[in-house]
Each structure stands twice: as structure tokens, then as C-alpha cells.
Amino acid sequence: MDAAITPDTKRSNPRQAGLGILIQGAQHSTLNNVFIQAVTDSALNPLQAETHALPLASAKTLQINQVQYLTDSKLLATNLHKQDPVVLNFLQF
């Protein structure tokens with residue numbers, strides 16, 4: 001998953017962000033790929049933009065048993081690994 005946020009000089013204003021999720025799965029020797037593109041207009045910063053992609057790639061929604069999330073956002077990975085309450089609360093929207 002990845003996200004890109006539009007630049008803004010006022011960091012408190014919500015901005016538009018593009019979200020991309022690639023889901024790869026194998027079942028019975030068949031490789032299935034799903035690509036999701038989405039847009040949000042409520043990201044305040046790059047971390048929040050990346051975090052918006054997580055519910056779209058949710059294993060619960062897709063009924064997937066084994067999941068590995070890949071992101072290029074070190075801050076997101078670190079916060080999720082630490083189970084940062086700010087990030088986890090945001091995910092419950």
C-alpha cells in the first residue's frame with residue numbers, strides 16, 4: 001500500500017491524498033491480484049494519508065487468514081509495530 005498527499009502550506013487544512021493498495025493472494029495454486037485505487041480529501045499529513053489505506057487492505061473485510069502488510073512509510077510501520085494509540089484510534093473510523 002502507498003499514499004501520496006497534495007502539498008499544502010497550511011499544515012492544519014485537510015488535503016486530498018491518493019491511495020493505492022495491491023493485494024496478492026494464492027489459493028489452490030492460483031494467483032489472484034487485486035489493485036485498489038482510492039482518494040480521500042481528509043488527510044492532514046503524509047502519515048494520515050498512509051493510514052487511510054489500511055482499512056482498504058483490511059484482512060477482516062477480505063476474509064484473508066495470513067496477512068503481510070508492506071509499506072514504504074517507516075513512520076507508519078514503526079507506529080503500528082508499537083501499537084501507537086493515536087494510529088490505532090484513527091483506524092477505527
Side-chain angles (χ1 to χ4, degrees):
M1 63 188 163
D2 200 8
I5 190 167
T6 56
D8 188 64
T9 56
K10 298 177 183 178
R11 297 179 75 65
S12 63
N13 290 339
R15 299 180 265 170
Q16 192 173 59
L19 313 174
I21 298 98
L22 173 63
I23 301 168
Q24 293 183 316
Q27 185 176 29
H28 306 294
S29 301
T30 303
L31 181 64
N32 299 309
N33 294 322
V34 176
F35 183 64
I36 301 170
Q37 292 177 311
V39 175
T40 181
D41 59 359
S42 60
L44 295 174
N45 55 53
L47 175 60
Q48 196 174 60
E50 295 276 347
T51 307
H52 272 287
L54 282 173
L56 297 176
S58 170
K60 288 182 183 178
T61 302
L62 301 173
Q63 298 178 351
I64 299 171
N65 295 329
Q66 294 179 325
V67 176
Q68 183 177 33
Y69 293 100
L70 303 175
T71 179
D72 64 349
S73 172
K74 184 176 180 180
L75 187 56
L76 177 64
T78 301
N79 285 330
L80 288 174
H81 182 70
K82 290 180 182 177
Q83 297 187 356
D84 185 320
V86 173
V87 173
L88 294 176
N89 286 336
F90 177 74
L91 291 175
Q92 296 175 7
F93 63 87

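In this text, all values refer to a predicted model and were calculated from it rather than measured experimentally.
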Are Ile36 and Met1 connected in the hydrophobic side-chain network, where two residues link if heavy atoms are under 4.5 Å apart?
yes

Heavy-atom closest contact (Ala77 atom, Thr71 atom, distance)
CB-CG2, 4.1 Å

Restricting to non-hydrogen atoms, name the atom on Leu19 and the atom on Ala3 that form the minimum distance, rounded to 0.1 Å.
CD2-CB, 3.7 Å

Is there a side chain to side chain contact (heavy atoms under 4.5 Å, CB included) between Asp2 and Glu50 once you walk through the steps?
CA-CA 6 Å; Asp2 200 8; Glu50 295 276 347; 3.1 Å; yes

First locate atom CG of Asn33, then atom CG of Leu22, and finally report the distance between them rounded to the nearest 0.5 Å.
6.0 Å

Got a sec, which residues hit side chain to side chain contact (heavy atoms under 4.5 Å, CB included) with Ala4, two or more places apart in sequence or on another chain?
none

Backbone of Arg15 reached by a side-chain donor or acceptor of Thr6 within 3.5 Å
no

Asn45 versus Ile5: any side-chain heavy-atom pair under 4.5 Å?
no

Can you tell me how far the NE2 atom of His52 sits from the CG atom of Asp41, to the nearest 0.5 Å?
8.5 Å

So, using side chain to side chain donor-acceptor pair (under 3.5 Å) as the criterion, who are the partners of Ser73 when residues are at least two apart?
none

